[in-house]
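Here is the structure we will look at.
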Amino acid sequence: MRLANKQLSRSVQSWVKRVERRHPPKVGYHSELRDWVQHVILEAEKNKDFEKKNQFLSLLEDLKVV
């Protein structure tokens, strides 16, 4: 990749860097969503809202599959 970057003009390199900064990788989104769902499950359990807890448990299982 470094060799390819050297062959690109400076304007193209600048554009690529701007795009990469503007659109960060989506790697962290999955773990943040999973953490949030776990938090909601704990809150639902604390509030004795078992229907909501079951819905989010199902969602959590779906997230583990992906």
Minimal heavy-atom distance between Val40 and Lys52, with the atoms involved, is CG1-CE, 3.9 Å
Out of curiosity, does Leu33 fall in the hydrophobic cluster containing Phe56 (side-chain heavy atoms, cut-off under 4.5 Å, transitive links)? yes
Reference residue Ile41; test side chain to side chain contact (heavy atoms under 4.5 Å, CB included); the match among Leu57, Asn54, Leu59: Leu57
Any heavy-atom pair between the side chains of Lys48 and Phe50 that's under 4.5 Å? yes
Closest non-hydrogen atoms of Arg34 and Leu63, given as atom of the first, atom of the second and distance, are CA-CD1, 4.0 Å
Tightest non-hydrogen contact, residues Lys53 and Ala44, listed as N-CB, 3.8 Å
